[in-house]
Amino acid sequence: MALTFDDGPGQYTQELLKHLAAYNARATFFMVGRNAELQPGVVREVVAAGHELGSHSWEHRDLSRMTVGEVRTDLDSTNAAIKKITGSDPTVMRPPYGAHNATVDAATRLPMILWSIDTEDWKYHDSAKVSATVNTTVRPGDIVLMHDIHATSVAAVPSVLEKLKADGYEFVTVSELYGPDGPKAGTALSSRQDAFGRN
């Protein structure tokens, strides 16, 4: 399964990295370009810890309300900021709010990753509820949506890692979830089953 974290880096990202390291878990961070530019040291820590970086737009605007050119400019700016900090381009992207249409699809050059489990942690600032949502609904191949900008979300992670590791789950990046060739660009993917079917 893949844990994914949106909207960072933020003030709780470094705490999250400690939780993930304690369980030898890898994750994918969909970063807002403006936030990455403000906290380059944290971005480098995420990469050094072996996690995957994805683009989450420059400032979390709804890309589906933009023109093709505007979307490309927004995403290119985000990719450039991440590359300047880390030396590498992001490998995947997630549109803010999961909002995409034919215009966004046409303008996006990276694999577009959505999710199969939405913890709604932005709505319910309740660590127990967030962890219960994941622990009771997850299935192999799922992609879980969380946010590393909320203290309650980060606080829920140890419970998720402990329970699911005991259940035999391995925590991998999105690209690792999709296998050696990684996810393909050109379609919005919400779980590994999109490409390979449920077992």
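Residue Arg44 qualifies as enclosed at atom CZ: its count of foreign heavy atoms under 6.0 Å is above 12. The environment of NZ in Lys84 is sparse: at most 12 heavy-atom neighbours from other residues, nucleotides or ligands sit within 6.0 Å.
For Lys129 and Tyr124, the positive end sits near the middle of the six-membered ring, less than 6.0 Å away and at most 45° from its axis.
The CZ atom of Arg109 lies 11.5 Å from the CE atom of Met93; values are rounded to the nearest 0.5 Å. Rounding to the nearest 0.5 Å places OH of Tyr97 at 7.0 Å from CG of Asp62. In this structure, CG in Asp76 is found 11.5 Å from NZ in Lys83, a value given to the nearest 0.5 Å. For the atom pair OG (Ser131) and CG (Leu161), the distance works out to 10.5 Å, reported to the nearest 0.5 Å. Distance check: Leu17 CG to Phe5 CZ gives 9.5 Å after rounding to the nearest 0.5 Å. Considering CG of Asp167 and CE of Met1, their distance stands at 11.0 Å, rounded to 0.5 Å.
Between the side chain of Ser191 and the main chain of Ile143, no donor-acceptor pair closer than 3.5 Å is present. Formation of a donor-acceptor pair under 3.5 Å by the Ser159 side chain with backbone atoms of Ala156 is not found in this model. No donor-acceptor distance shorter than 3.5 angstrom exists from the side chain of Glu15 to the backbone of Tyr12, with no hydrogens or angles considered. A donor-acceptor contact shorter than 3.5 Å is absent between the side chain of His19 and the backbone of Pro158. Using modelled atom types, no side-chain atom of Asp7 and backbone atom of His147 make a donor-acceptor pair closer than 3.5 Å. The main-chain N or O of Ala106 is found under 3.5 Å from a side-chain atom of Arg72 such that the two form a donor-acceptor pair. Using a distance-only test at 3.5 Å, with no hydrogens or angles considered, a donor-acceptor pair links the side chain of Asn101 to the main chain of Thr103. Checked by atom type and distance alone, the side chain of Thr173 never pairs as donor or acceptor with a backbone atom of Thr28 at under 3.5 Å.
Nearest heavy-atom pair across Tyr178 and Ser190 is OH-N, 4.4 Å. Glu120 and Asp118 make their closest contact through N-OD1, 2.9 Å (heavy atoms, listed as atom of the first residue, atom of the second, distance). Among all heavy-atom pairs drawn from Gly8 and Asn35, the shortest one is O-CB, 3.7 Å. Nearest heavy-atom pair, Pro40 versus Ile85, reported as atom, atom and distance to 0.1 Å: O-CG2, 3.5 Å. Closest approach of Phe29 and Val46 over heavy atoms only: CD1-CG1, 3.6 Å. The two residues Thr78 and Ser55 make their nearest non-hydrogen contact at CG2-OG, 3.5 Å.
The side-chain hydrogen bond (donor to acceptor under 3.5 Å, both in side chains) contacts involving residues 86-95 comprise Thr4-Arg94, Asp6-Arg94, Glu52-Thr91, where partners must be two or more places apart or lie in separate chains.
Both Val130 and Leu20 are part of a single hydrophobic cluster, where members link through side-chain heavy atoms under 4.5 Å apart. Residues Val172 and Leu3 fall into different hydrophobic clusters, defined by Ile, Leu, Val, Met, Phe, Trp and Tyr side chains chained together at heavy-atom separations under 4.5 Å. Val144 is connected to Leu53 through a chain of hydrophobic side-chain contacts under 4.5 Å among Ile, Leu, Val, Met, Phe, Trp and Tyr, so both are in one cluster. Two different hydrophobic clusters hold Leu75 and Val32 under the rule that ILVMFWY side chains link at heavy-atom gaps under 4.5 Å. Val160 is not connected to Trp115 by any chain of hydrophobic side-chain contacts under 4.5 Å among Ile, Leu, Val, Met, Phe, Trp and Tyr, and they are in different clusters.
Within the 4.5 Å cutoff, the side chain of Lys163 has no heavy atoms near those of the Tyr169 side chain. Side-chain contact check for Met112 versus Val104: some heavy-atom pair is nearer than 4.5 Å. Within the 4.5 Å cutoff, the side chain of Leu110 has heavy atoms near those of the Asn79 side chain. The side-chain heavy atoms of Pro95 and Ser57, taken from C-beta on, include no pair separated by under 4.5 Å. At a threshold of 4.5 Å between non-hydrogen side-chain atoms, the residues Met31 and His56 do not count as touching.
In terms of the side-chain hydrogen bond (donor to acceptor under 3.5 Å, both in side chains) criterion, residue partners of His100 (sequence neighbours excluded) are, by chain and number, Asp105. Qualifying side-chain hydrogen bond (donor to acceptor under 3.5 Å, both in side chains) partners for Thr119, counting only residues two or more places apart in sequence or in other chains: Asp121.
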Side chain to side chain contact (heavy atoms under 4.5 Å, CB included) between Val92 and Phe30, intermediate numbers included: CA-CA 8 Å; Val92 289; Phe30 290 94; 3.6 Å; yes
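Judged purely by distance below 3.5 Å, without hydrogens or angles, the side chains of Thr13 and Asp148 pair a donor atom with an acceptor atom.
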